[in-house]
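Worksheet: the structure to be examined is printed underneath.
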Amino acid sequence: RAGDEVGCDRVEDLTMAAPLVVPEQGGVQIQVSVGAPDDAGRRQLAVYARPETEGEVVPWVEHASGVLAEGEPADADQEGAAWPPAGAEAVELAGCYERFAGVGFDYGPVFQGLTAAWRGKDGELFAEVTLPEDTSVRDFGLHPALLDAALHVALLGGKDDGDVDSGDVPSGAAGLPFAWEGVTLHASGATALRVRLSRTGSGAMSIALADPSGSPVATVESLVTRPVSADQLGTRTSTVRDALFSLEWTPIMAPGTAPDETVAVIGPDRLDVVEALHDAGVPVEERPDLAAVGEGTVPGLVLVPGLVAEDGEDTARSAHALTSRVLEMIHQWVGDERFAHSRLVFATRGAVTGEDPAAAAVWGLVRSAQSEHPGRFVLLDVDASSPSSIMVPLALGVDEPQLVLIGGEVMAGRLNRVSPDDRQVVWGEVEGSVLVTGGTGGLGALVARHLVSEHGVRDLLLVSRRGRDAEGADELVAELVELGAQAEIAACDVADREALSELVAQHSIGAVVHAAGVLDDGVVESLTAERVDAVLRPKVDAAWNLHELSRDMNLSAFVVFSSAAGVFGNAGQGNYAAANAFLDALALHRRELGLPAVSLAWGAWAQEGMLDEADAERLARSGMPPLGTGEGLELFDAALTADAAALVPVRLDLPVLKSRGEVPPLLRGLIRTRTRRAVAGAETADSFVQRLTPLSGAERREAMTQLVCGQVAEVLGYANADEIEPDRQFQELGFDSLTAVELRNRLTSVTGVRLPATLVFDYPTPVELVGFLQDTLFPGGSEDSSDAAALLGELDRLERTLGGLTVDAQMHKQVAGRLEVLRTRWASLREDGRGADDGDVDLESASDDEMFDLLDNELGLS
């Protein structure tokens, strides 16, 4: 129906993100959004739903996304053809719906429309389906029960799917539609259909639907189904299904040859990769540090293969040392123009498997550097196996920002949805106190209340640096006591091992929730080792102390509150990302030791005091809206039932993320894209320059002003570019270091110009930034780009000022006179260099009386 409204009669693709379960009672609200057409006329489509409730606003959940396009004429080749096709064998249908119910598909009477079926010699399936006589089809293009019945023949299987007559539904056939491609409705009003279903080599189905005379009704070029558990169909809310993920490492195809360019190797080769590079014929240039690289031509690849914790060194101390070293190298790399077109590869061992949590902190820091400086940094983790060492040269040629080599297999990180299972922590049965760090405020206090009110925990030890002096501490204790719990608050710096050891020696600890942490945000260029250490300490040092001091305590649970910043590498949070990546690796490390652990890499929470309205809006625009309190606590419970050491509870608005341009590799398992569509719909840097090249200087300036103001509007959440005043300071518009980085990256992508992170500070208004871009892209290419640009800028400012004024008659006369003087003077500045025409007043030498006479004449007052 949405396509009908905008002239698109074909669903080019449609992916189901989650099943929509209709409740026993009450209704469901549906929302369909259709985007603007691209150059080929395609439109992005998204379908949302939420339960209809009274008094409570429930978040919208995306159930499907896709693309609408113009259709193609129906193929009428089957019209009048023999039916059923010659050679097709009839399939016995007696009892088929009872068998379908046995594998989870219990269809009601209206949906039991399969009346006849045949199997072709080549594995095709044919069927006839019909609706009950009293079923109205008036309100439907194609009645959903009829379309659904047309798919039931797939449950009967093809020639390779086993003996249908035995009563078994083929293994793997029981699934729900997941991905549709090329769907066109040719005719409406059908009450009965002929169905022709073919399977492709990839397991997808193509479907042709016709009316009883053979005339086309609908075609489906490709349909992929996937298994869906009963848990996904209703025992968990949509919040959990669509906001609980894990970072998985997925095998990818490696290139066939190693890079033929020189690779510079920095520092000690602790991963034994130099020999593998030599064996692969890769030229190697070994250097002690970055300063010694490129005493001539800088290699395209620079590899640092020594980022591992020192043997015998404290793990937390190693995390501080490694991140300090890497931060210094990042500063050198982004601050030296010699490296502008090269990539710096940081190689670790065990950072993603939990073997070396200290190296994991490096991954968090570099992930943020990757977000702030796209294309400049690569992460590579190599296990100790010989096949992995051999594959290093080939991995360096893979176009992925983060890679892992395990057993010689090249893998890239992808987020996958996680479904909770039946495992759970019975909090009320924990023997001893539940120790909660950061427990007197923020998420720590929130979880403490939740554990008592919802899980029956009766013994809490709430730890924070200020203890009872923390704001609201006494009120929190009183509330917990009123709920029936015993709550003790202790002042302790958990990062101080001696102080923590003394505290835990005085208590019987049965479970740990580590929710403490601090922020000190800033782009990587502004970070110092001291700022990184200050953020690592309450996360890294404290968590490592808790781990070591509790190893022999037989804990029921060990939960650490991490952040999605460590997984996504949030711009402006390099130190925080490093600290939280360490926590994720620590949970993996504990699991390898047979100890309980789960790390929750939270997205932002919409908690009072944690996130202001502007930040919440910015996150929503970025595709990662904050979690409500109820959502967060529901995810907390669900995460502890999933059999995974590290989870990512975060809301992802997939249509928004897809609309922001190239999909990050991390999200490619959740967002389906087609390269050809991205190319058709997006302007490349080359095409942008080509489009502006034939324009005059003034026209280029206008095009670039529209570009800059449009990107500013998108970054700051304005409705359109017209709301951005080109001469207004970026800081007045609302820019900070994070939005400045986002604008820089957007403009770099569109223009192809590598821009500094300090862009909005170096060129503090859109007008000045436009001038810089014009001079950079078209040096000396517009003779009117200086004087004319300045003059046009003044006219722009004047036009905006006039638009907002209310004036009286006297002021109107005065301003009109000044404008006429300027107009007359402009008319005298002719291109041939001559002065005023005969009879005109020489404005440069005119007396006051002559000037007033001119004004009187122009205004009709003489």
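All values reported here derive from a predicted model rather than from experimental measurement.
Residue pairs that meet the side chain to side chain donor-acceptor pair (under 3.5 Å) test with at least one member in residues 376-386, sequence neighbours left out, are Thr348-Asp381, Asp383-Ser385, Asp383-Ser388, Ser385-Ser388. Applying the side chain to side chain donor-acceptor pair (under 3.5 Å) test to pairs two or more places apart or on separate chains, those with a residue in residues 502-515 are Thr437-His514, Glu488-His507.
Atom CG of Leu652 sits about 8.0 Å away from atom CD1 of Ile671, to the nearest 0.5 Å. With rounding to the nearest 0.5 Å, the separation of CH2 in Trp363 from CG in Leu307 is 11.5 Å. Interatomic distance, Leu500 CG to Asn545 CG, rounded to the nearest 0.5 Å: 6.0 Å. To the nearest 0.5 Å, the span separating CG on Leu503 from CG on Asp493 amounts to 11.5 Å. Atoms CD and CG, from Glu400 and Leu379 in turn, are 12.0 Å apart once rounded to the nearest 0.5 Å. Rounded to the nearest 0.5 Å, atoms CG (Asn575) and CG (Asp533) are 10.0 Å apart.
Partners of Ala529 under the side chain to side chain contact (heavy atoms under 4.5 Å, CB included) rule, at least two apart in sequence or in another chain, are Ser324. With sequence neighbours left out, the side chain to side chain donor-acceptor pair (under 3.5 Å) criterion links Ser464 to Thr440. Partners of His547 under the ring-ring contact (aromatic ring centres under 6.0 Å, His included) rule, at least two apart in sequence or in another chain, are Trp544, His589. Legend: residues meeting side chain to side chain donor-acceptor pair (under 3.5 Å) with Arg317, ordered by chain and number and at least two apart, are absent. Residues passing the salt bridge (charged side-chain N to carboxylate O under 4.0 Å, His left out) test with Arg367, sequence neighbours excluded: none. With sequence neighbours left out, the side chain to side chain donor-acceptor pair (under 3.5 Å) criterion links Asp474 to Arg468. Under the ring-ring contact (aromatic ring centres under 6.0 Å, His included) criterion, His450 pairs with His455, not counting sequence neighbours. Remark: Glu313 engages Ser318 in a side chain to side chain donor-acceptor pair (under 3.5 Å) (not counting sequence neighbours).
Proximity of a side-chain donor or acceptor of Arg651 to a complementary backbone N or O of Pro626 within less than 3.5 Å is detected. Checking side-chain atoms of Gln370 against main-chain N and O of Pro401 turns up a donor-acceptor pair under 3.5 Å. Side chain of Ser433 to main chain of Asp459: no donor-acceptor pair is present (N/O by atom type, distance under 3.5 Å, no hydrogens or angles). Not a single donor-acceptor pair under 3.5 Å links the side chain of Ser501 to the backbone N or O of Glu498. For the pair Arg591 (side chain) and Ala597 (backbone), a donor-acceptor distance under 3.5 Å is present.
Heavy atoms only, all atoms of each residue included: Gly444 and Val436 are closest at O-CG1, 3.8 Å. A pairwise comparison of heavy atoms in Leu536 and Ala319 identifies CD1-O, 4.2 Å as the closest pair. In plain terms, the two heavy atoms of Ser371 and Ala571 that are nearest each other are CB-N, 4.1 Å. Closest non-hydrogen pair, Leu271 versus Ser389, comes out as O-OG, 4.2 Å. When all heavy atoms of Leu403 and Ala395 are compared, the closest pair comes out as CD1-O, 3.4 Å. The two atoms that bring Ala473 and Gly467 nearest to each other are CB-O, 3.8 Å, heavy atoms only.
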Which atom pairs, one a donor and one an acceptor, fall under 3.5 Å between side chains of residues 551-563 and the rest of the protein, sequence neighbours left out?
from	atom 1	to	atom 2	distance (Å)
Ser562	OG	Asn580	O	3.1
Ser562	OG	Asp584	OD1	3.0
Ser563	OG	Ala565	N	3.0

Which atom pairs, donor and acceptor, lie under 3.5 Å between side-chain atoms of residues 243-251 and protein residues at least two apart or in another chain?
from	atom 1	to	atom 2	distance (Å)
Ser246	OG	Glu248	OE2	2.5

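A salt bridge does not link Asp289 to Arg325: none of the charged nitrogens lies less than 4.0 Å from a carboxylate oxygen.
Counting only heavy atoms from C-beta outward, the side chains of Arg270 and Pro305 never approach each other to under 4.5 Å. Side-chain atoms of Thr353 and Glu592, non-hydrogen and from C-beta on, never get closer than 4.5 Å to each other. Using a 4.5 Å heavy-atom threshold, the side chains of Leu344 and Val304 count as touching. In this structure, Leu635 and Trp602 have side chains that are in contact, with non-hydrogen atoms separated by less than 4.5 Å. Within the 4.5 Å cutoff, no side-chain heavy atoms of Gln402 are placed close to those of Val378. Looking only at side-chain heavy atoms (C-beta outward), Tyr576 and Lys539 come within less than 4.5 Å of each other. Under the 4.5 Å side-chain criterion, counting only non-hydrogen atoms from C-beta, Leu476 is in contact with Leu480.
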Q.
Is there a side-chain contact (heavy atoms from CB on, under 4.5 Å) between Val650 and Val567? Walk through the geometry before answering.
A. CA-CA 11 Å; Val650 59; Val567 177; over 6 Å; no
Q. Which is it for Phe568 and Leu667 under the side-chain contact (heavy atoms from CB on, under 4.5 Å) test, yes or no, and what are the steps along the way?
A. CA-CA 10 Å; Phe568 288 91; Leu667 299 177; 4.1 Å; yes
Q: Apply side-chain contact (heavy atoms from CB on, under 4.5 Å) to the pair Val535 and Gln573, showing each step before the final yes or no.
A: CA-CA 10 Å; Val535 173; Gln573 290 193 300; over 6 Å; no
Q.
side-chain contact (heavy atoms from CB on, under 4.5 Å) for Phe377 and Ile330? Distances and angles first, verdict last.
A. CA-CA 9 Å; Phe377 302 101; Ile330 291 173; 3.9 Å; yes
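By the neighbour-count criterion of 12 heavy atoms within 6.0 Å, atom CZ of Arg531 is densely surrounded, having more than that number from other residues, nucleotides or ligands.
A side-chain contact (heavy atoms from CB on, under 4.5 Å) with Leu435 is found for exactly one of Val504, Leu460, Val513, namely Val504.
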